[in-house]
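Presented below is the structure to which this report refers.
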Amino acid sequence: MLDKKIYQEASQKRKEMKERVSTDPFLLDLHVYPETGWLNDPNGLCYYEGLYHLYFQYSPLDAKRGDIIWGHVSSPDFLTYKSEEPFIFTDSPLDKDGAYSGSAFIKDGKINFFYTGNVKYEGDYDYIIAGRDHNTIKIISDGYDYDTKILVMDHDDYPADMTRHIRDPKIYEKDGAYYMFLGARAFSNKGMVLIFKSQDLTKFTYHMRVETPYDFGYMWECPDYFEIDGQGILICCPQGLESGEYRFQNIYQAGYFPLDIDLKNKTYKLGDFVELDYGFDFYAPQTFEDPAKRRILIGWMGMPDADYTNPIGYDWQHALTIPRVLTYENGKVYQRPIEEYQRLRDRKISLEKGTAYDGKVFEAVVKNMRGDFAVNIREDVTLTYENGVLILDMGTSSYGRKLRKIKIDHIEKLQIFSDKSSLEIFINGGEKVMTTRVYSDKYVFSTNDFDFKIYPLRPLIFQ
Ligand code: FRU
């Protein structure tokens, strides 16, 4: 439980933590990170009355993850941010052990937030089939304040074959009805998405489920359904998939199924699951549509339960990814860094192969590539392409991160965002992406295989 009073009474502790955060040489310039403490999933992403609002899973008093509430930043342009007061505290019996992930839906000039109230019972439970409630809660708000937490659904409203793990609501509107997508784990240990229907955004009834006809993990977290360029896309984060050499290399996955769904007749066709990112640190992405009709995705630049870590001596951990704009082209979702980031470019440096660039925060662009190559991104981080396999190889400065591989039959373009302790690598104009944290202090970018351009980037501004 972390209510507003506990948060405010910890102001001295937070002040000291904030001072430590500000002295971290690995503090990020291009990303939203927690003012103090821990951050995980992006939540409630929306554009409302002239501002983008980003909320996130937030544990302000503990960089190792303690009580989870919703943090909040706002921005007019993804470049200048204002740190807002936390939005959802855990001050109700409905969410006393965590204000878990959820989303925003704007209706009649107000933001309707839906999230999962996590409740754990005292006692000897496995917290999967017993000992836990996942309440679906609604808040009507201007983005900053609200009066009440409305219980929309609890376990009595969920199908009887489900465990206690049902969470992360996201709304999709179609033909005047509202559909809530929830991630679920059935007693059969099958992960799936449950869909509930509402006419008024308050009373929801069970409508249908989307699952694979084959085993595909025991839990699907953070579902998100939308259409882009005429294609239905279901994003989710399956847990419990077996890792292979080229796929599912992380402990949990974040990706999408192309989904053709007829919500009226309750029928659907699910395509094959595609991973959204092949790096070490990408999970729980959420999307929303902005006024320019762009489908914007932001992910958590982290990974739960991984066997690699991050240094946390400066009282903060994790960040959000650079926002990405999604399109659907040639039967695939493409992800491109949001174009606003071009305004951070300071100048352009053209470098010839064999030369090195040793700045810390920059965008590197290579075009018209052909054939195999090797790039040094940091002193002990290399990216090599050989025999149709792209390999990210990380050394000791990566806190346990080692190899990630992608099978890809040609590479013609790379766009790499280097921040003080992260890399986001966009391949072939966003056909594939690799995101990772990295903590080497020798920043060298060099290659013997091609000329490249570097744009040193100015930092985001936090007010
Ligand atoms: C994903 C997740 C969500 C949950 C939240 C809790 O990272 O496990 O399913 O709502 O984190 O912080």
Side-chain angles (χ1 to χ4, degrees), residues 1-2 34 37-45 54-72 86-90 94-104 113-120 127-128 132-139 152-155 158 162-171 180-186 191-194 217-224 234-241 250-255 276-277 280-287 297-306 310 317-321 435:
M1 174 125 167
L2 178 52
W38 161 284
L39 167 154
N40 61 294
D41 314 358
N43 292 153
L45 306 180
L54 316 185
Y55 305 84
F56 48 85
Q57 295 281 281
Y58 185 35
S59 181
L61 305 179
D62 191 345
K64 285 202 249 121
R65 185 185 166 111
D67 293 303
I68 290 286
I69 59 174
W70 276 33
H72 181 197
F87 179 54
I88 306 178
F89 289 95
T90 46
L94 296 174
D95 64 8
K96 72 176 183 61
D97 300 304
Y100 276 10
S101 282
S103 54
F113 290 94
F114 295 91
Y115 72 101
T116 300
N118 183 50
V119 177
K120 280 175 120 176
Y127 298 105
I128 299 168
R132 174 194 288 272
D133 292 336
H134 274 169
N135 298 308
T136 302
I137 303 171
K138 169 176 164 169
I139 282 172
V152 172
M153 287 192 290
D154 62 17
H155 285 270
Y158 306 145
M162 293 297 134
T163 65
R164 312 302 283 183
H165 283 237
I166 298 197
R167 57 178 173 265
D168 312 334
K170 182 91 202 286
I171 303 289
M180 179 187 288
F181 287 60
L182 276 164
R185 173 176 185 158
M192 61 186 66
V193 167
L194 303 178
Y218 57 78
M219 171 72 192
W220 293 4
E221 296 190 308
C222 301
D224 187 353
L234 175 67
I235 287 181
C236 64
C237 295
Q239 299 183 309
L241 300 180
N250 292 331
I251 175 165
Y252 306 138
Q253 317 310 321
L276 277 166
D277 197 289
F280 295 87
D281 296 278
F282 179 88
Y283 197 64
Q286 189 177 93
T287 74
L297 175 146
I298 297 176
W300 169 26
M301 196 157 65
M303 178 60 61
D305 305 329
N310 303 295
Q317 187 173 193
H318 299 310
L320 301 179
T321 64
T435 300

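Note that ligands are numbered from 1 as they come in the structure, with each ligand's atoms numbered from 1 the same way. Just so it is clear, the values below take in all heavy atoms, side chains as well, and ignore hydrogens, waters and symmetry mates.
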| message | Counting only heavy atoms closer than 4.0 Å, does ligand 1 sit against the backbone of R65, its side chain, both, or neither? | response |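 Just the side chain.
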
| request: Please work out whether any backbone atom (N, CA, C, O) or any side-chain heavy atom from C-beta onward of T116 is under 4.0 Å from ligand 1, and answer side chain, backbone, both or neither. | output: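 Neither; no heavy atom under 4.0 Å.
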
| said: Out of all atoms in ligand 1, which are within 4.0 Å of some heavy atom of S101? Include the element for each. | reply: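 Matching atoms, with element in brackets: 5 (C), 10 (O).
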
| message | Closer than 4.0 Å to some heavy atom of Y283 - which atoms of ligand 1 meet that? | response |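 Listed by number with element: 1 (C), 7 (O).
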
| request: Look only at interatomic distance and state if W300 has a nitrogen or oxygen under 3.5 Å from any nitrogen or oxygen of ligand 1. | output: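 No.
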
| message | Are F113 and F87, when compared by the centres of their aromatic rings, separated by less than 6.0 Å? | response |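 Centroid separation for F113 and F87: below 6.0 Å.
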
| field | Short side-chain donor-acceptor distance under 3.5 Å, T435 and D277 | value |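 Yes - a donor-acceptor pair under 3.5 Å links their side chains.
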
| said: Any donor-acceptor pair under 3.5 Å linking the side-chain atoms of S101 with those of N43? | reply: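 Checked: N43/S101 side chains pair up, N/O donor to acceptor below 3.5 Å.
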
| Proximity winner for atom 10 (O) of ligand 1, if only heavy atoms of D168, D41, N40 are counted |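 Among D168, D41, N40, the closest heavy atom to atom 10 (O) of ligand 1 belongs to D168.
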
| Got the closest protein heavy atom to atom 8 (O) of ligand 1, with its distance? |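 Checking every protein heavy atom, the shortest distance to atom 8 (O) of ligand 1 gives E221 OE2, 2.7 Å.
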
| request: Considering heavy atoms of the protein only, find what lies nearest to atom 6 (C) of ligand 1 and give residue, atom and distance to 0.1 Å. | output: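 Ranked first by proximity to atom 6 (C) of ligand 1 is Q57 OE1, 3.2 Å.
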
| said: Check this for me, if you would: do K120 and D97 make a salt bridge, where the nitrogen-to-carboxylate-oxygen distance has to be below 4.0 angstrom? | reply: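 Not counted as a salt bridge, because no side-chain N and carboxylate O are separated by less than 4.0 Å.
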
| Should L297 and I235 be marked as a side-chain contact (heavy atoms from CB on, under 4.5 Å) after you check the CA-CA gap, both sets of side-chain angles, and the distance that decides it? | CA-CA 11 Å; L297 175 146; I235 287 181; 3.9 Å; yes

| said: Here's a test for you: under side-chain contact (heavy atoms from CB on, under 4.5 Å), which of D62, I68, L61 qualifies with W38? | reply: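 With W38 as partner, side-chain contact (heavy atoms from CB on, under 4.5 Å) holds for just one option, I68.
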
